[in-house]
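Inspection log for the structure reproduced underneath, given as structure tokens.
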Amino acid sequence: MRKTNGRNTGDRRDVTAPPAASHPHREAPLSTVVRVRSLLPSLPPAERRVAQRVIDDPEGVANSTITELAHQCGTSETTVIRFCRAIGFSGYPELRLTLATEAGRAQSAAGGRVIGSDISPDDSLEQIVEKVTFADARAVEETAAQLDIKVLEQVVDAVVAASRVDVYGVGASAFVALDFQQKLHRIGRHCSAWSDAHIMLTSAAVLNPGDVAVGISHTGSTVETIDALGVAKGRGVTTVAVTNFPKSPIAEVADLVLTTAARETTFRSGATASRLAQLTVIDCVFVGVAQRTYGTTRKALEATFEAVRSRTVRPDRRRR
């Protein structure tokens with residue numbers, strides 16, 4: 001199967017459509033910061049410094065001239081222009097205008113408040129709750145906004161047709177893999193989740209064409225997950241990657257790429273946001289599969305509910 005993530009697979013400069021045309025079927029275009037963050041690892045070092053500046057302070061970039069931005073990033077105006085074109089803009093003026101518009105929209109949505117994601121030593125517990133929930137909510141919203149529906153449909157088709165689904169993930173991604181396993185098992189689908197490097201490889205080695213292998217990695221650079229997905233691909237299996245970075249190494253061994261949109265913050269609270277973003281994608285795949293197999297899914301859900309119903313505490317047994 002041809003690899004696709006809903007973007008042009010040619011030259012790097014063409015991988016991102018212009019802002020207004022990113023997802024014409026949606027009410028709002030994909031956030032510039034989200035798009036820049038997803039492409040960050042694939043940019044050259046000088047352009048990466050410009051990208052990081054946009055991510056860290058989009059409003060500041062919107063208020064800076066091209067000369068000022070180039071100086072702040074220790075690079076040239078030509079590099080800034082190259083960066084703008086790499087992310088789908090005609091030039092720096094268009095980038096500034098878009099960032100200013102998005103900053104105003106974000107402040108309006110937050111009731112005029114500016115809520116950052118980074119936790120400072122002086123933050124109160126109330127501020128911590130506000131920042132964490134804001135980052136988590138944004139991760140889910142931005143993931144939904146940029147999710148490629150055509151690729152999602154292909155993944156759902158593959159899982160529905162598969163006789164077996166194996167899911168690979170380590171660290172925080174392992175918990176997401178287990179969640180996907182539990183969901184598919186609940187509706188009678190054969191699915192196994194693996195997080196041990198050796199077992200992941202042996203699992204992939206015995207898959208067959210028609211099966212599906214899913215690799216989950218926020219960075220897209222987790223060696224164990226990439227290797228397992230690569231072995232599965234060599235077996236003729238349909239391979240799926242769930243990652244925050246569409247041009248990361250895991251995409252090279254995936255037929256289908258579903259991207260999340262989570263940002264890293266202080267204390268790696270991004271590991272929380274990335275997990276929620278991954279779960280959002282997994283939930284969309286699961287519900288898509290459940291809908292396609294509505295009749296059998298309803299029967300399986302009823303059967304599994306009955307199987308565990310006796311394990312809940314009845315009202316008359318609760319302590320008063």
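We're numbering straight along the sequence, starting at 1.
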R275 (side chain) donor-acceptor with A172 (main chain) under 3.5 angstrom: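 Not at all, since once roles are kept as given, no pair shorter than 3.5 Å links the two residues.
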N/O donor-acceptor pair under 3.5 Å between T243 side chain and H218 backbone: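 It does hold such a pair.
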Single-linkage hydrophobic cluster I81~F83, side-chain heavy atoms < 4.5 angstrom: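 The answer is yes; both residues are in one hydrophobic cluster.
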ILVMFWY cluster, L276 and V129 together (side-chain gap under 4.5 Å):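 No, it is not one cluster - the side chains of L276 and V129 are not joined through contacts under 4.5 Å.
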Please report the interatomic distance [atom1]([X]) to [atom2]([Y]), rounded to the nearest 0.5 Å.
X: F134; Y: E141; atom1: CZ; atom2: CD; answer: 8.0 Å
X: I128; Y: E126; atom1: CD1; atom2: CD; answer: 11.0 Å
X: I226; Y: T222; atom1: CD1; atom2: OG1; answer: 6.5 Å
X: C73; Y: Q52; atom1: SG; atom2: CD; answer: 9.5 Å
X: E94; Y: C84; atom1: CD; atom2: SG; answer: 8.5 Å
X: Q72; Y: R53; atom1: CD; atom2: CZ; answer: 4.0 Å

Less than 4.5 Å apart, any side-chain heavy atom of [X] and any of [Y]?
X: V253; Y: T239; value: no
X: V214; Y: F180; value: yes
X: V151; Y: V257; value: no
X: F245; Y: S217; value: no
X: F89; Y: I87; value: yes
X: R186; Y: T297; value: no
X: L258; Y: D148; value: no
X: V165; Y: H190; value: no

Cationic N near anionic O, under 4.0 Å, R138 to D136: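 The answer is no: the pair does not qualify as a salt bridge.
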Electrostatic pair R309:E306 at N-O distance under 4.0 angstrom: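 Yes, this pair counts.
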Just by distance, no angles: are the side chains of [X] and [Y] close enough, under 3.5 Å, to form a donor-acceptor pair?
X: S76; Y: T79; value: yes
X: E59; Y: N63; value: no
X: Q146; Y: T259; value: yes
X: E102; Y: T32; value: yes
X: E77; Y: T67; value: yes
X: T238; Y: D211; value: no

Heavy-atom closest pair, residues [X] and [Y]:
X: A204; Y: A232; value: CB-N, 3.7 Å
X: N244; Y: A262; value: OD1-N, 2.8 Å
X: L229; Y: A213; value: CD1-O, 3.6 Å

Option among V54, D56, V80 that satisfies the side-chain contact (heavy atoms from CB on, under 4.5 Å) test with V61: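 Going through the options one by one, the only one that passes is V54.
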Enclosure of E302 CD (heavy-atom neighbours >12, cutoff 6.0 Å):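 Result for CD/E302: enclosed.
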R292, CZ atom: more than 12 neighbouring heavy atoms under 6.0 Å: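 Counting neighbours around CZ of R292, more than 12 heavy atoms of other residues, nucleotides or ligands fall under 6.0 Å, so yes.
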K233/V237 under side-chain contact (heavy atoms from CB on, under 4.5 Å): CA gap, chis, key distance, verdict: CA-CA 5 Å; K233 186 178 181 67; V237 174; over 6 Å; no
Pair L69-Y92, side-chain contact (heavy atoms from CB on, under 4.5 Å): steps then yes or no: CA-CA 10 Å; L69 179 60; Y92 187 59; 3.5 Å; yes
Residues C284, L147; criterion side-chain contact (heavy atoms from CB on, under 4.5 Å); working and verdict: CA-CA 10 Å; C284 289; L147 192 60; 4.2 Å; yes
